[in-house]
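What follows is a single structure, written as structure tokens, with notes after it.
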Amino acid sequence: AEQPLSPTPASRKVSATHLAYLTFLGRMLGKAMYEGILVELPFAAFFLSKLRGRPNELNDLSSLDPELYKNLLFLKRYQGDVKDLALYFVARDDHFGEKRQVRRTCCSSS
């Protein structure tokens with residue numbers, strides 16, 4: 001399956017002129033729209049919502065992180081006590097070799 005397109009904050013690590021590239025892409029797409037040229041790009045739903053000035057919703061998460069979306073839906077529909085799942089959350093950030101990890105516990109009493 002083809003990955004939907006969206007800008008990434010990690011682009012600054014690839015090139016110091018990353019904003020110039022995004023500006024150029026925006027101008028090219030704007031020119032195509034002005035000229036009536038159809039450019040079919042598979043933009044991610046969360047990105048299109050932002051472009052339209054709409055707030056993102058839970059369903060938009062599926063285009064950013066399908067696994068996280070699936071797991072959050074499971075939690076949303078879970079009928080038992082969430083504490084019984086003994087959940088913890090880990091935020092991982094891996095951009096071009098730079099890795100960070102933060103662990104958070106769910107439903108703690110403290």
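These numbers come from the heavy atoms of this one structure, side chains and all, not from hydrogens, waters or symmetry mates. If you're wondering where the values come from, they're calculated on a predicted model, not measured in any experiment.
- If you take OG on S62 and CG on L72, they are separated by 11.5 Å, rounding to the nearest 0.5 Å.
- Hydrophobic clustering, with ILVMFWY side chains joined whenever heavy atoms are under 4.5 angstrom apart, groups L64 together with L68.
- Neither side chain, D60 nor Y69, offers a donor N or O lying under 3.5 Å from an acceptor on the other.
- Considering CG of L41 and CG of L25, their distance stands at 7.5 Å, rounded to 0.5 Å.
- In this structure, CG on N59 lies 7.0 Å from CG on L73, to the nearest 0.5 angstrom.
- Hydrophobic cluster membership differs between M28 and F43, with clusters built from Ile, Leu, Val, Met, Phe, Trp and Tyr side chains linked at under 4.5 angstrom.
- Summarising the geometry of A45 relative to N56, their closest heavy-atom pair is O-OD1, 4.4 Å, with the distance given to 0.1 Å.
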Original post:
Can you check side-chain contact (heavy atoms from CB on, under 4.5 Å) on F74 and L85, steps first, answer last?
Top reply: CA-CA 12 Å; F74 168 80; L85 297 175; 4.2 Å; yes
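- Taken from OG1 in T8 to NE2 in H18, the straight-line distance is 10.5 Å, to the nearest 0.5 Å.
- Cluster membership for L51 and V39, using ILVMFWY side-chain heavy atoms within less than 4.5 angstrom, is shared.
- With a 6.0 Å radius and a threshold of 12 heavy atoms from other residues, nucleotides or ligands, E35 has its CD atom above the threshold.
- By the 4.5 Å heavy-atom criterion applied to side chains, F46 and D65 are not counted as neighbours.
- Residues L5 and F47 approach most closely at O-CD2, 4.2 Å, considering heavy atoms.
- Nearest heavy atom pair, residue Y21 against residue S15, reads CE1-OG, 3.6 Å.
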**OP:** Before giving the answer on side-chain contact (heavy atoms from CB on, under 4.5 Å), spell out for L58 and K76 the whole-Å C-alpha distance, their side-chain angles and the decisive distance to 0.1 Å.
**Re:** CA-CA 11 Å; L58 178 61; K76 181 180 177 183; 4.2 Å; yes
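- For the atom pair T23 OG1 and L19 CG, the distance stands at 6.0 Å (nearest 0.5 Å).
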